[in-house]
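Note that these values count all heavy atoms, side chains included, but never hydrogens, waters or copies made by symmetry. Please read all numbers here as calculations on a predicted model, not as lab measurements. Read the numbers this way: they start at 1 and go in the same order the structure lists the ligands and their atoms.
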Amino acid sequence: MEEEPKPILVRGRQDVCELDRARLALMNPALIDQKKEGRTIDEAAKPFIELTMKEGIETVWDRYEMQQPECKYCAAGISCQRCAMGPCRIIPPHRVRGVCGADADLIVARNLLDQIATGAAAHSDHGREIVLTLHGIGKGTVSDYRITDSEKLRRLAAEYQVNVQGKDDKTIAAALSQAMLEEFGTMGNSLRIASRAPKATREIWENVGITPRGIDREVVEAMHRVQMGVAADYANTLVHGLRTSLSDGWGGSSLATEVSDVLFGTPKPNESLVNLGVIRKEYVNISLHGHNPMLSEMVVKAAKDPEIQALVKKVGAAGINLVGLCCTGNELLMRKGIPVAGNHFNQELAITTGALEAMVVDYQCIFPSLPRTASCYHTLIISTSPKSRIPGSYYFGFEPETAYATAKAIVKMAVENFPNRNPQRVFIPVEPVKVTTGFSVEAIRGALGGSFKPLIDQIASGNIRGAVGIVGCNNPKVKHDYGHVTLSKELIKRDILCVETGCAAIASGKAGLLQPSAASLAGPGLGPVCRSLGIPPVLHMGSCVDNARILHLAAELGNALNVGIHRLPIAGAAPEWYSQKAVSIGAYFVASGVYTVLGVMPKITGSPAVVSLLTEGLKDVVNASFAVEPDPLRAADLISSHIERKRSELGI
Ligand code: BF8
């Protein structure tokens, strides 16, 4: 019999100093009330935020306050930590160059390229892991996963010119994954999957010299360019940033999305629940947090194992309640209808329900301090990626070859932790909200009756003025969920359809905007269209790598009309972004021709030249640009004027 995988406690238990807790808890009740209201608009989160302040449990908002005032040079992007001659800061009028001679423009541009490359690497490395799993299935080394959407496998194979005639799924998987892996380090001069973009868009890339080549190649070249003594011109540096981001959106993220659909199923509309109220008192609660569906899908399977179910009975729980957080949550919600406890700023609060037996994480957007939060309760933080061994967590090395055994050991550990729960500390005073999700490109096409023509007709007639992709994170610089929800509500009121991913989509879910009944909040054109199709005015399209779905949808519309993406009445927005991944997403939206409004200022204000290039100059390069507008109502004005301008240019 195979030995059961055992965890390692990474660097020992992390405990929060009781003195720290006592100090944090000494807050005046009026201040607690004020802070609770100032930190979030998520009504279900407020009681937990109050609890953290009363009990002295540190959260992201406390740490943000402790970091104030921020360094104004770092905030403006004009500090450089790149080499050992520094650190350097640009302080006019005298300190206008770093030790190496770089001026403010170059320092800002290099820092930004670094951020884009980091984000592109994160998405694409996730994509590679998924493609490698498909490869393992094809080669017979991975047996715990199977191909769920054989039709999509064959469609992708046709796109990659892999012969499918008379071949079984496994043989196709081997050949297709090989062709996909070559996209990472291809000898060619373009990515095959990027040829989904409309011809006019690809011609723009070709003319500007930003056609993405190998996925790894663009990231490595970006890293080369930020080495001191390489990048010297800010504009030339940023143009490579666009190319790098395209290798993410049309490359690594597209592969992550498409192959996840092949392995776990292409999402279809389904119903579920969101907010912290999805955590259930009588159950063993396990939250799945992070990004890669490979881990979470296997945990879902292991939770049904008869041995595990017997153990659940033995510990006296009513069952196992799996709940998602962040993008792993989105993946499970889209495909399996598994409830989501919340977005980025709900991760610590989920622990404060006192009813979470384990938080299972892989990578990205996971606060490294979670084991400290968990030490105030019985919750176990279980880390699983060799790339993200978190001190204070129990670590299982998760590999596709041994996925089921590891997932089962993880679930077992969570169930065995149920008796350690302190019933007096269980606190779940909120009810979840209903959502309809699962709007993959295929599902949208299906809901429209098999082609995008009805959507195009509604846009042409003006019932729907256009569409906006609202994406991204939470950031303590913005009241939690306020940016997302205010912008979405304002746009649907103006008959603009919203398609959303990531933490933006979860914010809309918590606010009730992902229900068909939210059509009543839409304008006189969009509302009836949603009612006739039975869909919400805000469509949940998935996780952050699933922003590729938004690109593919834009490509479908562009191809149907035979125009470049830049000519469509569409826009992008990231009202509460924080992550380098979001920088890459914003850059590939713009490089693909999508005007994109950010709610948080990037660290670029130290270079007026960079600001002007990104907000104006890029219009002459890729026919799109960035705007920054922290007020979501004014952002809605910018977006609707842009959409109306595009409509009149198209003559509709
Ligand atoms: O990839 S939206 S906070 S969870 S980075 Fe992170 Fe931002 Fe959420 Fe998903 Ni995306």
In the protein, N/O/S atoms that are found under 2.8 Å from atom 8 (Fe) of ligand 1, waters not counted: Cys503 SG
Ile381 side chain near Ile351 side chain, heavy-atom distance below 4.5 Å: yes
Within the 3.5 Å criterion, strictly below it, is a donor on [X] or [Y] matched to an acceptor on the partner's side chain?
X	Y	value
Glu442	Thr266	no
Asp546	Thr501	no
His552	Ser254	yes
Asn343	Asp481	yes

Could a heavy atom of Gln364 be found less than 4.0 Å from some atom of ligand 1? no
Does Trp577 have a heavy atom less than 4.0 Å from any atom of ligand 1? no
Which residue supplies the protein heavy atom nearest to atom 1 (O) of ligand 1, what is that atom called, and how far is it? His291 NE2, 2.7 Å
Hey, what's the ring geometry for Trp61 with Phe345, parallel, tilted or perpendicular (30° and 60° as the breaks)? perpendicular
Does the plane of the ring in Tyr363 sit parallel, tilted or perpendicular to the ring in His126? Use 30° and 60° as the thresholds. tilted
Please name all residues satisfying salt bridge (charged side-chain N to carboxylate O under 4.0 Å, His left out) with Lys387, sequence neighbours left out, ordered by chain then number. Asp125, Glu129
Tyr578-ligand 1 polar pair, N/O distance under 3.5 Å: no
